[in-house]
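Okay, so here's the structure we're looking at.
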Amino acid sequence: MTDGHVTAAPAGAVAQAVDLTKVYGTGEAAVRALDGVSVEFERGRMTAIMGPSGSGKSTLMHCMAALDTPTSGTVVIDGVTVNGLKDKALTTLRRDRLGFVFQSFNLVPTLTARENITLPLDIAGTKLDQAWFDTIIDTVNLRDRLTHRPNQLSGGQQQRVACARALVSRPAIVFADEPTGNLDSRSSAEILGFLRRSVDEFGQSIVMVTHDPVSAAYADRVLFLSDGRIVDEINEPTADSVLARMRGFEPAGRQA
Amino acid sequence: MLRITLKSVRGHFVRFLLTAFAVMVGTGFVAGTFVLSDSIRATLDGLFNQASKGVDVVVRGTETGAAGQASSGRAALSLDLEKQLAAVPGVKRVVPDLQGTALIAGKDGTAVRSGGAPGLGFFWDPQGQSFTLLDGRGPTKAGEVAVEKRTLELSGLAVGDTTQAVIGEHRQSVTIVGEVKFGAGTTFGATAVLVDAQTARTLFAPDGRVGDFQLEAADGTSEATLRAAVAKVLPADAEAITVTDFNEENQEALGTALGFITTFLLAFAGIALFVGAFIIYNTFAMIVAQRTRELALLRAVGASRPQVRRVVLGEAFVVGLVGSAVGIGFGVLVAAGAKAALRSFVGIDLSSDLPVDALTVATSLVVGTVVTMVGAYIPARRAARIAPVAAMRDDLSIPAKGLRLRGTLGLSGLAVGAGLVVTGVTRDDIAWLLVGPGALLVVLGAIVAAPVIARPVIRVVAAPFAATLGVVGRLARENALRVPRRTATTASALMIGLALISALGVVAQSTKASVADLVAQEIRSDFVLSAGGGVAVPTSVGPAVAALPGVQSVADAVGFGVRSSDGEDLGASAGTAKGLGDNFDITMRSGSLDAIDRGEIIVNGDTAAEQGWTTGSKVSLAVGALGQKEYTVGGVYAPMQILATDIVVGEDLFEAAVPAAQRFNQGVFVKAAPGADLTALRAALVAEVKQFLVVSVEDGEEFQSTAAAGVNIILGILYALLLFSVVIAVLGIINTLALSVFERTREIGLLRAVGLRRRQLSGMITIEAVTTALFGALLGTALGVGLGVALQRGLKNQGLELLAIPWSTILVVLAASAFVGVMAAVLPTVRAVRLDILKAIATE
Ligand SMILES: Nc1ncnc2c1ncn2[C@@H]1O[C@H](COP(=O)(O)OP(=O)(O)O)[C@@H](O)[C@H]1O
Ligand SMILES: [Mg+2]
């Protein structure tokens with residue numbers, strides 16, 4: 001990847017974790033899923049997170065995205081300190097400043113694609129910015145699928161709807177946990193291309209978990225997690241450089 | 001397999017608890033009915049045994065005609081027979097059955113009454129065993145009374161007090177000299193006052209005639225021997241019967257009445273169970289759907305179809321058994337409630353406790369368990385059909401079968417049922433054989449077609465929510481429509497109860513309107529004097545009132561039995577031509593009303609047509625206690641509600657036919673003279689009847705509302721009973737919602753993740769519940785009103801002339817249903833709101 005796409009938005013951290021720790025369970029059964037993670041995600045950049053299964057990638061995403069509370073440490077999203085916020089404030093934060101794409105089950109089955117995309121706005125009661133909506137729809141190439149329900153869409157189309165939804169409310173940052181984990185390589189490429197474009201053209205900030213070096217290469221920066229700690233990072237990754245780095249972590253395994 | 005079954009019950013504990021609750025309410029009704037009727041039977045047994053203590057043979061008049069309200073249908077016996085009977089060898093004692101009405105005024109000066117139960121008068125028989133003295137002594141002369149324990153309690157008086165009393169028809173001042181206890185402990189609600197034997201003779205048998213004599217045998221003489229000995233000396237119009245046979249006869253008669261109560265309550269138990277079966281079906285259907293993978297895994301590892309079916313039916317068995325076992329306990333509560341209600345509203349006091357016998361337990365358990373297993377049968381079959389490969393499939397939804405067949409079937413059922421009902425009611429006489437099955441078909445058709453009807457109806461019902469609440473409303477609507485079958489089944493439970501409630505409402509409202517209309521159309525009286533149920537207006541009131549200045553004429557409301565020559569029982573009323581003519585709007589089709597003053601009879605138009613009688617016919621009838629005699633038909637009157645009896649006879653004939661003690665006068669209709677001062681007349685009437693303690697004076701309007709009050713009480717009882725089926729329906733909504741919330745765990749997690757607030761989530765679930773409830777309510781009220789209107793049409797000639805639809809009640813019912821939806825959503829909402837978003841998302 002080239003330098004040209006790095007920052008379309010003002011530089012600086014859009015999301016930040018300081019000394020983040022997450023412990024599941026107590027006593028003998030306690031698991032340190034995150035063990036003192038400090039990290040900054042820059043505005044207008046795409047960051048990939050990699051690491052073996054059980055290394056704490058999902059936990060980090062969940063804590064950063066205000067879906068889970070860390071045991072200790074601080075999370076700041078777009079200038080807002082998440083720690084200590086009540087459910088109502090957290091909900092509003094998620095709704096207005098955060099976007100998500102999960103590995104699967106991203107859509108409400110009773111709503112059409114269009115309704116799924118506008119869901120965060122509808123929930124907030126915010127008026128839809130039609131031009132922005134059109135831009136997104138055209139980018140994900142979904143115009144002729146808008147009236148379909150999720151069960152009438154392919155897996156790739158469903159994930160594109162999910163991405164469109166994550167972007168529609170212009171969130172400060174989008175977290176995607178293995179968004180292409182269930183897709184074939186062609187659909188994966190579509191999704192990743194779309195995420196990349198949203199960073200390049202709209203200045204969107206994105207954090208994405210992936211297992212695939214080729215996917216990671218779409219990002220501006222790759223973080224490597226192991227046993228709840230950030231152990232390495234690569235800027236301007238290529239599939240080869242990522243693969244080479246991953247070999248160094250063998251035999252930790254590659255599947256989540 | 002058994003282990004899997006039990007594990008599953010434990011695993012889905014709350015869900016099964018709700019299902020078991022539905023079973024419990026249904027079986028509770030069944031058990032309660034049995035317990036209550038056993039209690040009534042035990043009380044009656046005690047009553048009979050006590051009443052017949054020291055009695056071996058009963059001598060009574062032979063049966064002459066039909067028993068009516070003012071007549072036992074038996075010849076009355078002269079008191080003179082007493083001496084003859086006493087002289088028969090083997091007779092130890094003869095006791096004439098001197099009974100009548102007797103009331104005392106309580107501390108507050110008003111008559112002591114216990115609900116609508118009668119006020120009975122007996123005489124104190126020092127050797128008798130029916131009553132035992134608790135305090136003081138028995139009455140020995142006029143002006144002294146002994147009062148039954150509970151009656152004395154109600155009066156607030158004590159032994160030694162002096163009060164006013166109406167004995168028979170005579171008002172007098174009495175001193176309470178003793179307190180007695182009825183041997184059986186209860187008089188079944190009636191108040192009881194005892195006078196001395198001589199007073200009883202003059203006041204309870206003023207014409208020297210009584211209904212029967214009770215004979216006690218001398219030591220060593222058996223009932224049968226005594227009966228045979230006595231029979232020899234009896235006149236032709238008297239017969240002797242052993243007390244064993246006598247009690248059996250009475251118990252049989254009461255058994256029939258009891259059977260009616262039992263059938264009535266069991267009908268409601270049936271409704272409750274029917275509704276419960278829907279809930280059970282729904283619960284099991286959902287649990288099976290959710291466990292598709294687990295059940296498929298069972299199949300994959302080698303379980304056979306019957307084994308899988310047995311797992312599900314086994315769960316139903318456990319739930320049914322537990323539910324009905326608890327239901328028995330609930331049944332005792334139901335019976336206790338009914339007992340308390342009988343005591344405080346009707347005045348009937350059941351002395352027996354609430355027996356739970358083996359039959360009650362067995363029946364309840366079997367009924368509850370079988371109903372549960374029947375409800376679970378279809379889901380169990382569906383479970384057995386799950387292919388083993390489903391264990392490996394990601395897509396867990398069982399493909400929904402098309403609804404077309406169901407729609408066609410249900411809608412044609414509805415249409416055929418409606419056709420039957422319409423045919424049944426659009427004839428002169430309602431054809432229950434068409435209307436009953438027709439109504440059933442309509443309801444069943446609606447249940448079957450409900451999933452098809454659900455789509456359009458729910459769209460309309462949810463429209464306001466979707467319009468005002470945006471995506472939350474839309475989500476709620478789509479959720480309600482997601483599985484139309486499930487929504488429809490849930491709503492059906494509510495539909496059944498509300499269909500019955502609104503059909504009843506229409507019939508009741510129409511009855512009230514028709515009664516009011518009747519008062520306006522057929523009654524011309526200015527005042528009506530009545531004493532409330534169970535107590536007669538003394539026969540002397542009519543003549544006394546008639547003599548008041550300003551009164552043109554009076555008519556007594558008396559009914560009694562008549563038997564035709566070929567043994568058919570007919571009803572009769574009586575009066576003078578002037579009294580009836582002035583007070584009621586009678587249209588003579590032929591002949592004249594005056595004929596009754598000449599000893600002839602006039603005949604209801606319907607009866608005349610049935611019997612083929614016309615004016616001038618000579619007919620043979622046994623009127624009251626008189627034997628078969630020939631009467632001339634002096635006229636035929638157009639059928640009417642107020643004189644709905646088959647024939648009307650004159651005053652003289654009535655007095656000859658019905659012994660004074662049996663003349664039960666329900667009320668006196670009073671027509672004022674033209675130009676009379678009605679206010680003054682009312683005051684005079686009040687003054688005149690004041691001495692009778694319980695007689696009240698009402699004008700037309702008041703009479704109308706009193707008549708309507710009766711309808712209201714019946715309606716209240718029916719509504720209360722139907723409320724149980726509504727409660728079950730609410731449980732059903734809770735259950736369905738709770739399961740839906742569980743099913744949609746991931747979806748709820750997702751919605752929360754993208755920013756749905758807790759309040760919005762609660763709103764979504766609540767709207768879904770309200771929509772479902774309103775769907776059921778709308779369907780139910782629509783069906784109910786339709787059926788109610790049909791019934792009114794069918795009963796047009798039986799007193800329901802006017803159609804009146806209780807719109808306000810219906811609106812209240814609809815509003816209440818919406819509220820029920822809100823309430824039903826509380827638990828599922830709490831559960832949904834508490835969901836941990838992360839766990840929800842992670843849920844497979
Ligand atoms: N809810 C939980 N309860 C207990 N342990 C958990 C929970 N969620 C995750 N873990 C543990 O935390 C560690 C990190 O998990 P996760 O963040 O899901 O890893 P990754 O996404 O990198 O595969 C794992 O060891 C996992 O078993
Ligand atoms: Mg993960």
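Worth saying up front: this structure is predicted, and the values here are computed from it rather than measured. Just so we're on the same page: letters track the sequence lines, and every chain starts at 1.
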Taking atom CZ as the centre, does Arg759(B) end up with more than 12 heavy-atom neighbours from other residues, nucleotides or ligands that are less than 6.0 angstrom away?
no
Side-chain contact, heavy-atom cut-off 4.5 Å: Leu751(B) with Leu119(A)?
yes
Turns out that what part of Gln103(A) lies under 4.5 Å from chain B's heavy atoms comes down to neither
Around atom OH of Tyr24(A), are there more than 12 heavy atoms from other residues, nucleotides or ligands closer than 6.0 Å?
yes
Part of Arg752(B) within contact of chain A (heavy atom distance under 4.5 Å):
both
Flag if over 12 foreign heavy atoms under 6.0 Å of CG, Asp227(A)
no
Step by step, would you call Arg149(A) with Glu478(B) a side-chain contact (heavy atoms from CB on, under 4.5 Å)?
CA-CA 12 Å; Arg149(A) 302 239 168 160; Glu478(B) 293 308 311; 3.5 Å; yes
Atom CD in Glu115(A), atom CG in Leu475(B): separation rounded to 0.5 Å?
8.0 Å
Closest contact, heavy atoms only, Ala753(B) versus Phe100(A)
O-CE1, 3.0 Å
Taking side chain as everything from C-beta outward and backbone as N, CA, C, O, which of these in Gln760(B) sits under 4.5 Å from a heavy atom of chain A? Side chain, backbone, both or neither.
side chain
If you count heavy-atom pairs under 4.5 Å between each of Asp68(A), Thr91(A), Leu107(A) and chain B, which one has the most?
Thr91(A)
Would the number of heavy atoms belonging to other residues, nucleotides or ligands and lying under 6.0 Å from CZ of Arg758(B) be above 12?
yes
Where on Val754(B) is there a heavy atom nearer than 4.5 Å to chain A: the side chain, the backbone, both, or neither?
both
Using non-hydrogen atoms only, which part of Leu750(B) is less than 4.5 Å away from chain A: side chain, backbone, both, or neither?
side chain
Have Arg477(B) and Thr110(A) got a donor and an acceptor in their side chains that come within less than 3.5 Å?
no
Per-residue contact mode, Arg757(B) against chain A (heavy atom under 4.5 angstrom):
both
Could you tell me if the side chain of Arg744(B) sits less than 4.5 Å from the side chain of Pro109(A), heavy atoms only?
no
When only pairs under 4.5 Å are counted, which of Asp87(A), Leu67(A), Asn151(A) shares the most heavy-atom pairs with chain B?
Asp87(A)
